[in-house]
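Single-structure report; data block below.
Values in this document were obtained by computation on a predicted structure and should not be read as measured data. Atoms within each ligand, like the ligands themselves, are counted from 1 in listed order. These numbers come from the heavy atoms of this one structure, side chains and all, not from hydrogens, waters or symmetry mates.
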Amino acid sequence: MSQSISFQYPERVQLAQTPTPLQKMERLSDRFGVDIYFKRDDYTGTELSGNKVRKLEFLLHRALQMGVDTVITCGGAQSNHCRATAFAAKRLGLKTVLLLRTPNPAQPPATEANILLDYLADATVIWITPEQYQQRNLYFARQAEQLVAAGACPYIIPEGGSNALGAWGYVSAVEELVNDVKELDASVAATTTVISAVGSGGTTAGLVLGNKLFAAGFRVVGVNVCDDREYFQRVIGTIMDDFQERYLPQSIVSPADIEILDGYVGKGYALSQPAELEAIRDLARLEGVVLDPVYTGKAYFAMISELEKNPQCFGPRIVFVHTGGLFGLFSIAEQMAAVL
Ligand SMILES: *Cc1c(COP(=O)(O)O)cnc(C)c1O
């Protein structure tokens, strides 16, 4: 194993309930004959639940340092990142402007689940089309201009909080995981495989970087819930390159370190098929754990589908990162009820 590298964390604001628990899924482990643990990042908070708050701790520290009064960010209509940002901003006395993607901005989706929470936190919501979202940097700049003209001072957070600074959130999570794994059965000496959903790439970038920085020796696998492997190798590669350039004296990771398990996007981003919803149902009943339909449900479905083909495919020990997203389930209540 290579030696860990000395580095310094950027400053952060404390927002997340960490360290999060690592829990063994006993019956699921028995089913496949391998040890399966969940890293409960859905426990990072109630309003702030999920993976985004780990990144926001670093991003919002920077925002405060710059003396801003408003944060602007973007995402899909039911974005967990936008909801977490809106609440984290309130904790710090900041305002939020959200660019949310919807097919027809003249007829935005119902005020439910994460959208309800966005409004509850008094976020200003601007609906934009998928085509406009493709050029979100333009819309970010326009919003920022308008805010400045109105006397405000905005800070732009990219989609999912996924940039070099945000990636520190999952470097820090690897530090937790290294400690978590130390407490486990030492007779399972082989590699631990860490599996998580990939949406905007910052979580996986942080996990891959942290894995090297702490010489953790994990196998890091990301399950893409949209786009494809090539796309995410590029996106995650860019975040990692930027991180290394900004924060490290030398390069420690390469694109070859990015392992994407492709083939489980299914019907598309935020679109569920019955088999995925049945997997969510079955896990709730087997272990008393709730997954979300957009990210963790798909990543979990991918994991068990691969385990069904070959129980040893991830080695003797798996850590599945439960990245949150629970509120998303309430936006597909009818579809979910159909499999209950
Ligand atoms: C955003 C999100 C992810 C994906 O994380 P990225 O850093 O965007 O790749 C996974 N799970 C949930 C619940 C999320 O909200």
Side-chain angles (χ1 to χ4, degrees), residues 16 20 38-45 47-59 73-88 100-101 113-114 117-118 157-174 194-210 220-227 229 231-240 243 258-262 264-265 269-270 272 276 280 289-303 320-332:
T20 56
F38 275 27
K39 178 68 170 168
R40 298 303 301 266
D41 275 12
D42 53 327
Y43 285 7
T44 50
E47 301 85 355
L48 302 176
S49 170
N51 60 340
K52 301 308 182 311
V53 62
R54 287 192 187 266
K55 310 179 199 180
L56 288 168
E57 288 194 329
F58 291 94
L59 294 162
T73 195
C74 69
Q78 282 292 342
S79 167
N80 299 303
H81 163 68
C82 288
R83 178 258 310 153
T85 301
F87 279 96
L100 295 183
R101 186 178 64 228
N114 281 305
L117 292 168
D118 294 340
I157 296 176
E159 178 188 60
S162 289
N163 60 13
L165 184 56
W168 280 103
Y170 272 82
V171 171
S172 163
V174 172
V194 178
I195 302 178
S196 65
V198 184
S200 61
T203 299
T204 306
L207 289 171
V208 172
L209 287 159
V220 177
V221 176
V223 180
N224 58 304
V225 303
C226 53
D227 300 285
R229 178 184 290 127
Y231 172 82
F232 279 111
Q233 282 184 323
R234 193 170 67 245
V235 168
I236 295 166
T238 301
I239 298 169
M240 295 195 319
F243 183 104
I258 307 166
E259 185 179 347
I260 300 291
L261 174 54
D262 197 358
Y264 292 95
V265 173
Y269 177 74
S272 299
E276 294 160 13
I280 292 174
V289 174
V290 186
L291 299 171
D292 84 289
V294 181
Y295 297 96
T296 55
K298 279 193 184 172
Y300 173 78
F301 179 69
M303 177 178 79
F320 179 84
V321 187
H322 189 329
T323 44
L326 176 58
F327 298 116
L329 202 55
F330 299 98
S331 70
I332 61 148

Among residues at least two apart in sequence or on other chains, which ones pass salt bridge (charged side-chain N to carboxylate O under 4.0 Å, His left out) with Glu57? none
Would Tyr269 and Tyr295 count as a side-chain hydrogen bond (donor to acceptor under 3.5 Å, both in side chains) here? Give the steps. CA-CA 9 Å; Tyr269 177 74; Tyr295 297 96; 2.7 Å; yes
Let me know which protein residues bring a heavy atom to under 4.0 Å of ligand 1; chain then number is fine for ordering. Asn51, Lys52, Lys55, Asn80, Ser162, Ala197, Val198, Gly199, Ser200, Gly201, Gly202, Thr203, Tyr295, Thr323, Gly324, Gly325
Applying ring pair (Phe, Tyr, Trp, His ring centres under 6.0 Å), can you list everything that pairs with Phe320, at least two apart in sequence or on another chain? Phe38
By side-chain hydrogen bond (donor to acceptor under 3.5 Å, both in side chains) - contacts of Asp41 (at least two apart): Thr20, Arg54, Tyr170
Distance-only, no hydrogens or angles: does the Thr85 side chain make a donor-acceptor pair with backbone N or O of His81 under 3.5 Å? yes
Under the 3.5 angstrom rule, does the side chain of Glu276 hit a backbone N or O of Lys298 as a donor-acceptor pair? no
